Amino acid sequence: MSGPEPYAVLTRQQWQLLNDTIADLCGAAGGSREDLHDLAVGVLETCRPEHWTTLVDDGTARPLWCRAYEIIGALAHLADAAPHDARQIRRLSVDVRCLAEHMRDFPGRTSDTTDV
């Protein structure tokens with residue numbers, strides 16, 4: 001088996017509605033189930049066609065979010081193509097770590113942000 005078989009095709013409007021519904025459910029739970037929200041959004045991101053780019057205005061955050069979406073795509077590809085390939089998992093972990101460092105060092109942090 002070369003990968004998961006597509007079962008359903010969503011229109012862009014259906015995809016956006018699912019994304020919005022997941023956000024609404026998270027908000028209704030007061031953020032107490034952020035883990036489920038993140039998981040569901042991650043699944044949606046992995047099935048989003050590449051040409052449905054998420055719009056990020058030009059500015060200081062654009063390179064960060066472009067890199068984040070690139071890493072999300074790489075993680076989704078790894079999960080589909082080589083989920084047990086330890087070498088590829090370790091290789092991608094370096095990219096994830098670099099992204100995390102970029103996010104941690106992003107300018108504009110407030111004083112209530114604690115270091116992890």
Side-chain angles (χ1 to χ4, degrees):
M1 184 173 205
S2 63
E5 293 182 36
Y7 182 75
V9 176
L10 296 175
T11 66
R12 188 172 190 156
Q13 291 77 19
Q14 291 168 325
W15 185 92
Q16 188 61 55
L17 181 61
L18 279 172
N19 195 31
D20 293 345
T21 301
I22 292 165
D24 290 346
L25 288 171
C26 182
S32 65
R33 297 310 314 252
E34 189 68 26
D35 57 333
L36 291 178
H37 171 257
D38 292 347
L39 179 62
V41 169
V43 169
L44 276 178
E45 281 300 317
T46 64
C47 66
R48 177 176 52 86
E50 196 171 314
H51 65 278
W52 290 358
T53 59
T54 302
L55 298 177
V56 177
D57 294 333
D58 284 335
T60 58
R62 184 168 180 73
L64 170 70
W65 292 114
C66 288
R67 183 66 178 144
Y69 282 111
E70 184 180 337
I71 297 296
I72 290 167
L75 288 165
H77 177 74
L78 178 63
D80 286 343
H84 303 291
D85 186 337
R87 187 177 60 83
Q88 291 299 322
I89 291 169
R90 286 190 298 272
R91 184 194 59 74
L92 187 54
S93 74
V94 173
D95 293 338
V96 171
R97 186 190 72 227
C98 290
L99 175 62
E101 290 170 358
H102 187 180
M103 293 175 78
R104 187 190 61 221
D105 297 338
F106 188 75
R109 291 176 54 190
T110 61
S111 59
D112 63 348
T113 303
T114 57
D115 287 330
V116 177

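Note that this is a predicted model, so its numbers are computed, not measured.
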Per-pair distances, 0.1 Å, donor-acceptor, side chain in residues 19-32, under 3.5 Å, sequence neighbours excluded:
{"from": "Asp20", "atom 1": "OD1", "to": "Gln16", "atom 2": "NE2", "distance (Å)": "2.9"}
{"from": "Thr21", "atom 1": "OG1", "to": "Leu17", "atom 2": "O", "distance (Å)": "2.7"}
{"from": "Ser32", "atom 1": "OG", "to": "Ala29", "atom 2": "O", "distance (Å)": "2.8"}

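Summarising the geometry, atom CD belonging to Glu45 is positioned 4.5 Å from atom CH2 belonging to Trp15; distances are rounded to the nearest 0.5 Å. Summarising the geometry, atom CG belonging to Leu75 is positioned 4.5 Å from atom CG belonging to Leu92; distances are rounded to the nearest 0.5 Å.
A single hydrophobic cluster is not seen to contain both Ile71 and Leu39; linkage of ILVMFWY side chains at heavy-atom distances under 4.5 Å, directly or through other members, places them apart. One hydrophobic cluster, built from ILVMFWY side chains closer than 4.5 Å, holds both Val41 and Leu10. One hydrophobic cluster holds both Met103 and Val96 under the rule that ILVMFWY side chains link at heavy-atom gaps under 4.5 Å.
Using a 4.5 Å heavy-atom cutoff, the side chains of Arg33 and Asp35 are in contact.
Each salt bridge (charged side-chain N to carboxylate O under 4.0 Å, His left out) pair with one or both residues in residues 87-100, not counting sequence neighbours, appears once here: Arg67-Asp95, Arg91-Asp95, Arg97-Glu101.
The neighbour count for His77 NE2, taken as heavy atoms of other residues, nucleotides or ligands under 6.0 Å away, does not exceed 12.
Looking at every heavy atom in both residues, Phe106 comes nearest to Leu64 through CD1-CD2, 3.8 Å.
Listed for the Gln14 side chain is a donor-acceptor partner under 3.5 Å among the backbone atoms of Thr11.
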